[in-house]
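What follows is a short report on a single structure.
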Amino acid sequence: MSGRLTTHVLNLSGGIPAAGMALQLWRLEDGAASLLREAVTNADGRLDAPLLEGAELAAGSYELLFMAGDYFRSSGLPFEASGEGNSADGAAPFFLEQIPIRFNITDPSAHYHVPLLVAPGGYSTYRGS
């Protein structure tokens with residue numbers, strides 16, 4: 001079995017999958033970051049395909065960047081932004097606008113699953129299976 005990198009996002013405040021959350025996958029190397037993928041979660045809060053798999057999955061450092069503020073503003077759920085003032089586009093800022101999760105892949109043949117449990121005021125993650 002070849003290795004792969006997957007994620008999913010759960011909206012803890014609403015008790016639902018975080019459908020429609022945009023995210024980016026970055027490779028971190030020699031002090032520089034390279035954008036590898038951009039994706040949006042499906043109705044189940046997951047992606048339709050792994051972020052990386054097979055030969056694409058290499059040992060090294062990565063960052064998943066989740067666009068939480070955009071998600072909560074567009075979710076239609078009754079959340080209040082928690083910042084003062086407005087952002088440049090006039091939308092009220094959230095306490096957590098973007099959530100970066102940095103992690104290392106040491107075994108490219110393994111399955112790395114990086115879930116995000118998120119609410120407007122906090123988040124949690126872990127190495128899933």
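This is a predicted model, so every value here is computed, not measured.
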| query | Does Ala119 offer a backbone N or O that forms a donor-acceptor pair with the side chain of Ser13 under 3.5 Å? | reply | no
| Hey, are His111 and Thr6 close enough side-chain-wise for a donor-acceptor pair under 3.5 Å? | yes
For residues 25-32, which side-chain N or O atoms pair as donor and acceptor with protein atoms under 3.5 Å away, sequence neighbours left out?
{"residue": "Trp26", "atom": "NE1", "partner": "Gln24", "partner atom": "OE1", "Å": "2.9"}
{"residue": "Arg27", "atom": "NH1", "partner": "Ala59", "partner atom": "O", "Å": "3.1"}
{"residue": "Arg27", "atom": "NH1", "partner": "Tyr62", "partner atom": "OH", "Å": "2.8"}
{"residue": "Arg27", "atom": "NH2", "partner": "Ala59", "partner atom": "O", "Å": "3.2"}

| Exam field: side chain Arg37 to backbone Leu51, donor-acceptor pair closer than 3.5 Å | yes
| Under the salt bridge (Lys or Arg N to Asp or Glu O under 4.0 Å) rule, what pairs show up with a residue in residues 113-129, not counting sequence neighbours? | none
| query | So if you build clusters from Ile, Leu, Val, Met, Phe, Trp, Tyr with side-chain heavy-atom gaps below 4.5 Å, do Leu5 and Leu36 land together? | reply | yes
| Phe72 versus Val118: any side-chain heavy-atom pair under 4.5 Å? | yes
| What about Leu116 and Phe95, same hydrophobic cluster or not, with Ile/Leu/Val/Met/Phe/Trp/Tyr joined at side-chain heavy-atom distances under 4.5 Å? | yes
| field | Check: Tyr112/Asp107 side-chain N/O donor and acceptor closer than 3.5 Å | value | no
| field | Main-chain N/O of Gly20 paired to Thr41 side chain as donor or acceptor, under 3.5 Å | value | yes
| said: To the nearest 0.5 Å, what is the distance between CG on Leu47 and CG on Leu23? | reply: 5.5 Å
| query | How would you list all residue pairs meeting salt bridge (Lys or Arg N to Asp or Glu O under 4.0 Å) that involve residues 45-55, not counting sequence neighbours? | reply | Asp44-Arg46
| said: Is the shortest side-chain heavy-atom distance between Tyr123 and Leu12 below 4.5 Å? | reply: no
| said: Restricting to side chain to side chain donor-acceptor pair (under 3.5 Å), what partner residues turn up for Thr125, sequence neighbours left out? | reply: none
| Looking at Ala58 and Pro108, what are the two nearest heavy atoms and their distance? | C-CG, 4.2 Å
| Any chain of hydrophobic side-chain contacts (each under 4.5 Å) joining Phe103 to Leu52? | yes
| field | For the student: nearest non-hydrogen atoms of Pro17 and Ala43, plus distance | value | CB-O, 3.6 Å
| Shared hydrophobic cluster for Ile99 and Met67 (ILVMFWY, side-chain gaps under 4.5 Å) | no
| request: Would you check if Asn11 and Tyr71 make a side-chain contact, meaning some heavy-atom pair closer than 4.5 Å? | output: yes
| query | salt bridge (charged side-chain N to carboxylate O under 4.0 Å, His left out) with Glu63: which residues, sequence neighbours excluded? | reply | Arg102
| Do you reckon Met21 sits in the same ILVMFWY cluster as Ile16, going by side-chain contacts under 4.5 Å, direct or chained? | yes
| field | Sub-4.5 Å side-chain heavy-atom contact between His8 and His113 | value | yes
| note | Here the gap from Ile101 atom CD1 to Thr7 atom OG1, rounded to the nearest 0.5 Å, amounts to 6.5 Å
| request: Mind checking side chain to side chain donor-acceptor pair (under 3.5 Å) for Gln98 and listing every partner two or more places apart, or none if nothing turns up? | output: none
